[in-house]
Amino acid sequence: MAIDKRKAKLEKARRLARGSLLAFLRWCWWMPHPLVVGRHTRAICDRLTRASDEWRDGKSTFLLIAVPFRHGKSDIVSRAFPAWFLGRNADRQPDVIMSGYGTSLVRGFSKRVKRIMEEPRYQMLFPGVHPARGSNKAEEWQVEDSAGTVVAQGLGGSVTGKGAHLLVIDDYCKNRAEAVSTIFRNKTWDAFRNDLMTRLNAPASIVIVCATPWHVDDLRGRIRRAMEEDPSFPRFEELNFPATKPGEWEYLFPERFSPEWYDAQRASLRKQAAALLDCEPKVEGGNRFATDRIVIHHDMKGWPKLRLREGRGWDLASSAKERDKDDPDWTWGIRAGVRTTHPGAGLVIRELWISSMTACRAEATERNELIRSTALADGPGVAQHIEAFGAYKDAYTQLRDLLRGVCMVRPSRLPGDKAAKLADLEPVFEAGNVHVYLPGCARFFDEWRSQFAAFPDGAHDDACDATAVIFHALAGTAGSTMLI
């Protein structure tokens, strides 16, 4: 009788493990220490179990999962779930793509999935479902007697010709240096949008982006913005598990980490705790510019009826991008007009109307050619205002000579440090008086906005400087009692 009870209990556990990711995690746990289950463990496992059910019914699932570091997210999403998904859906012969910030990271996930599938306890659940004989490479392998392929490639790696019923992107950013790099964030977004999302199989797929977020403009931030701007963009469901959530939990994972651990991490991370513990990165620099109040124009219907006197402000740089990891300064050119009104009592209200942006990373010869071609396109009625102090006195003289007969060239010699030069623009942003004509700015708008959002702690502020050049040139701010 005791033997029959044990068999019945074992069969019940096997049945549960085949149908529930959390039960599977308990059944096949591979680490020497016991599995510790928290509220986020249960919630993520339950949602992924349901995603698998929905996939079998022909429904796609798109998930953004944010969890603090060291809370076991990769064990669930990148190790257990692919192995369980392959076994549970062996009759459908699914394709899987696993990706992340680096090749070694995702190949490590792939190796663990293979090891789980080769274990006797896994074979008790899904007999005969194991890596195909001869599948020794972690970057690509097949399941025995299956047409499905498992591919493990870092972001930007080649997935041409591969498909995915399951796409897992785990930890798309390695560290803070990558997070603050616009180059890196752009590369990550391009790899996600142009490489990975084009690999999804029909009729349904599961896409999981799982990470501890680092930056407001990282992959998660751009997915959020894409959903806001484009109703056709896939609708990602968010599962967010901050370390502390007032009204729901004081500490997310007390089963594993003590309150002292959380408090010590928060004290050590300081302002980065918002990202790495609370899963909601903050705009660095103290939110000096209200970039959320920028008015976007898709056409000229809302542009001032009376033609603005426009000019273009230039912030110069003369460094070229030499290696992928380099992040040199930009040369920026901002074309804009300033509209000023005087409501009385000595008040002055100014509006900034930006119609065009251009930028480059280039040595002086290529930079000067960009400025000349831009000035020709602007026409003789648009003065080019070029910084003419410090190291760029000679550059201004060269550009003045280069543009002779093309347009007016004016020197910009703004006094004070960067914060002082930009101070008069803060209330203009705050009042919602910054207008951008998107068709003329689209290529560079995201970078321009991100530099203002991060000022003064961002990696770059060249776009801010160029904007300040043209604003001060046209606004005539001296003597104002109030600037809005």
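Being a predicted model, the structure only gives us computed values, none of them experimental.
For the side chain to side chain contact (heavy atoms under 4.5 Å, CB included) with I354, the qualifying choice from F471, F445, W448, Y437 is W448, the only one to do so. Residue L166 is tested with I208, I97, V207 for a side chain to side chain contact (heavy atoms under 4.5 Å, CB included); the sole match is I208.
A search for side chain to side chain donor-acceptor pair (under 3.5 Å) contacts involving E369 returns nothing, not counting sequence neighbours. For R372, the salt bridge (charged side-chain N to carboxylate O under 4.0 Å, His left out) criterion is met by no residue, not counting sequence neighbours.
Between G19 and T49 the shortest heavy-atom distance is O-CG2, 3.3 Å. In terms of heavy atoms, A317 sits closest to W330 at CB-O, 3.3 Å. The two residues L252 and P242 have their closest heavy-atom pair at CB-O, 3.6 Å. Between L316 and E387 the shortest heavy-atom distance is N-OE2, 2.7 Å. Between S60 and F62, the closest heavy-atom pair is CB-CE1, 3.9 Å.
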Q: Given ring-ring contact (aromatic ring centres under 6.0 Å, His included), test F253 with H71 step by step and report yes or no.
A: CA-CA 8 Å; F253 204 7; H71 279 59; 5.6 Å; yes
Q: Go through the steps to decide whether F192 and W189 satisfy the test ring-ring contact (aromatic ring centres under 6.0 Å, His included), and finish with yes or no.
A: CA-CA 5 Å; F192 169 76; W189 177 240; 5.8 Å; yes
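For the pair N89 (side chain) and F85 (backbone), a donor-acceptor distance under 3.5 Å is present. With hydrogens and angles ignored, the 3.5 Å screen pairs a side-chain donor or acceptor of Q451 with a backbone N or O of D462.
Taking the six-membered ring for Trp and the full ring otherwise, W353 and W303 have centroids separated by under 6.0 Å.
There is a side-chain donor-acceptor pair under 3.5 Å between E54 and T61.
Screening residues 191-215 for salt bridge (Lys or Arg N to Asp or Glu O under 4.0 Å) gives D190-R193 as the qualifying pairs, with residues at least two apart or on separate chains. Note on residues 150-172: pairs passing ring pair (Phe, Tyr, Trp, His ring centres under 6.0 Å), not counting sequence neighbours, are W55-H165. Within the structure, the side-chain hydrogen bond (donor to acceptor under 3.5 Å, both in side chains) test picks out the following pairs touching residues 73-82 (sequence neighbours left out): K73-D170, K73-D171, S74-D170, D75-R79, S78-D170. Each side-chain hydrogen bond (donor to acceptor under 3.5 Å, both in side chains) pair with one or both residues in residues 232-248, not counting sequence neighbours, appears once here: R47-E237, R220-N240, R224-E238, E238-N240, K245-E248.
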